[in-house]
Amino acid sequence: MSLLAVDGLRADVNGKPILKNLSLRVEAGEIHAIMGPNGSGKSTLANVLAGRPGYEVTAGQVSFNDADLVGMAPEARAQAGLFLAFQYPVEIPGVSNMEFLKAAWDSHLAAQGAQPESAVGFMKRARTLAASLGLNPEFLKRGVNEGFSGGEKKRNEILQLLLLEPKLAVLDETDSGLDIDALQTVAAGVNRFRSADNGVLLITHYQRLLNHIVPDQVHVLSEGRIVASGDRHLAEKLEAEGYAWLSE
Amino acid sequence: MAVGVEALQDLEAPPWLDAEGFRRCRQALDGKLARETWKYSPLPKVANALIRADAHRQPPAVALPPEAALHRLDESDAPPLEIDLNRYPLAGIAAARAGAGWLIDVKRTPSHPLRIPAPAPGAVAAPLLVRVAPGCRVELEQEALPRNDGSPMPQPKRGGVAAMPSPAGLRAQVLVLSLAADSEAHWAAAQFTPDVEEWSLLQAHLQRNAALTLNQQCAVGGFLRQDVNVVLGGQGARLASVGAALVRDGGRLDQQLVVEHASRGTVSRIKQHNLAAGRSRCTFNGRIHIHVGAAGADADLSNRNLALDPSAEVNTKPELEIYNDDVRCAHGATVGQLDAEALFYLLSRGLETWQAQRLLSLGFLRDGLAGPFAEPAAEAFAAHFASA
């Protein structure tokens, strides 16, 4: 049983076909990188997996941990262990980061039939993790992503990833807009998350992130389907030669 | 109109108003401006309730620090109250009912906030003038919060928007702030009384470099009409207003804000977040008036509204009236539902839909909270959603 099994997936956005017969398998313990030119469907894949409204699956199957993902509500997918790190994390003034994180964690525990973690214990864990990601723990008191820089938002995404302990992390261009230091911090967070029990789907434009997070497989997405797969050297080739050679 | 004519004729003019002025005040009840500004609330019913309310002529029960003194307004050296009775005719009626009013004279900065009690239900309080001397700072608070005993906020009766005020229920007050040069005042009001029926006028006059901060927060299950008029009369005078209101099922909120930039370099910043739940009606009218001599005026007004229910009614009207070229003026009003992107973000983290909606609603209201009542107001909002 694969952690994630995508077979013949077709999906539309606003009635326009974006994913066209996409198939992919991610096993527990693996990191897969998805690369591809602009408009190839990378972010669409991430949003389809997370269940974003407006992204309509028209054909194919998506199985997550042996459950049919397509029929699940976004919150059920999250509770089942799927995490999407947003390319553009939303600012929510008036809702403190800590309150949001605790509510999310309690939802996960409730879905597993577990009791909520004590507020004190959770806050301590959140502060420690935040500090380890170079995020000032004071940010936990502020509104969700409110007034955060681009790098801080991405660190906050990784903080959520580490706190919520999902089975599959889908990172949608988490490296975009990061300086070198932030990139290394975020990569360290992903590597810290990595284990034999979970998987990562890493969507990126650039090979530079893969210098810090070594993928097991690299896939190239073009026009809504995977057109090439390989090991980390495929990413290096793409960095050196671009995507044109794939269509030759 | 339906205002009791005989009752009006029986009223005597307040001491600070001559007979002709009071006649015009009574006429204004039926004037074009009153019809416009009371489009969403029934002025005749409120006026009638005011005429029949208990008149509280006694001094306000304020624990005064040594830095402030209380006087009868008509025995003080204060000039007549500056209120535009064409726009606010109810202020004249209130004064005619409850007497000349009272003056709190703040000569030096008090060591603690002045707590102004809210009028009792069914009572019209005598007008209160708070005069702040040059260079002084005063904190003014009015609090009407539910008991903090863990009990949920009482739910209003369902089946319709709140009935209009009855003579037995309406409370009314007129508060005038007079800020001398370089003085500061902070007016913080929390109105969380279930099913309140209230009309109030807050009138403020600011002289050179005076600063006024307003934080008005409320949860309305009955009827609440708030008139606010701030005159930035002196060069460099500043207003900062941040407020939030929850209009519960069956409630009516009507906020009418007029800010007048009457001098050079005056600044106003207004942020009001209102949430209409259930079958409610929520009205906000924010008017910025920049006078001829107010070069360099800088005004920013933002009113955001959330309508949680298809049967909730939201009326918002930002108005600009500018008679000067050298100004910066921005205003915006939005009416909408919960942000879909934010909702998906919370769902993608595993929150149930109802949890996410509650959190976003609370966040929206909290973003309009500031001042000393921000925390209890947030708790009162949370209690509402917990019991909804």
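To find a chain, count down the sequence lines: A is the first, B the second, and so on, and within it residues start at 1.
Under a cut-off of 6.0 angstrom, the local environment of CG in A/Asp68 is crowded, with over 12 non-hydrogen atoms contributed by other residues, nucleotides or ligands. Within 6.0 Å of CD in A/Gln115 there are 12 or fewer heavy atoms belonging to other residues, nucleotides or ligands. Within 6.0 Å of CD in A/Gln61 there are 12 or fewer heavy atoms belonging to other residues, nucleotides or ligands.
Expressed to the nearest 0.5 Å, how far CD1 of A/Ile92 lies from CG of B/Leu346 amounts to 4.0 Å. Atoms CZ and CG, from A/Phe100 and B/Leu360 in turn, are 10.0 Å apart once rounded to the nearest 0.5 Å. Taking OG of B/Ser348 as the start and CZ of A/Phe83 as the end, the distance is 7.0 Å to the nearest 0.5 Å.
Across A/Ser107, A/Pro74, A/Gly143, the residue that shares the most heavy-atom pairs under 4.5 angstrom with chain B is A/Ser107.
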Given side chain to side chain contact (heavy atoms under 4.5 Å, CB included), test B/Glu341 with A/Arg52 step by step and report yes or no. CA-CA 9 Å; B/Glu341 189 70 15; A/Arg52 182 188 286 269; 2.9 Å; yes

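In this structure, A/Tyr88 has its ring center no closer than 6.0 Å to that of B/Tyr345.
Looking at A/Arg77, there are no atoms closer than 4.5 Å to chain B (heavy atoms on both sides), in backbone or side chain. Residue B/Gln355 touches chain A through its side chain alone, counting heavy-atom pairs closer than 4.5 Å. Proximity to chain B involves both the backbone and the side chain of A/Pro89, based on heavy atoms less than 4.5 angstrom apart.
Looking at A/His108, its side chain does come within 3.5 Å of a backbone N or O of B/Arg349 through a donor-acceptor pair.
Donor-acceptor pairing under 3.5 Å is recorded for the side chains of B/Thr353 and A/Glu75.
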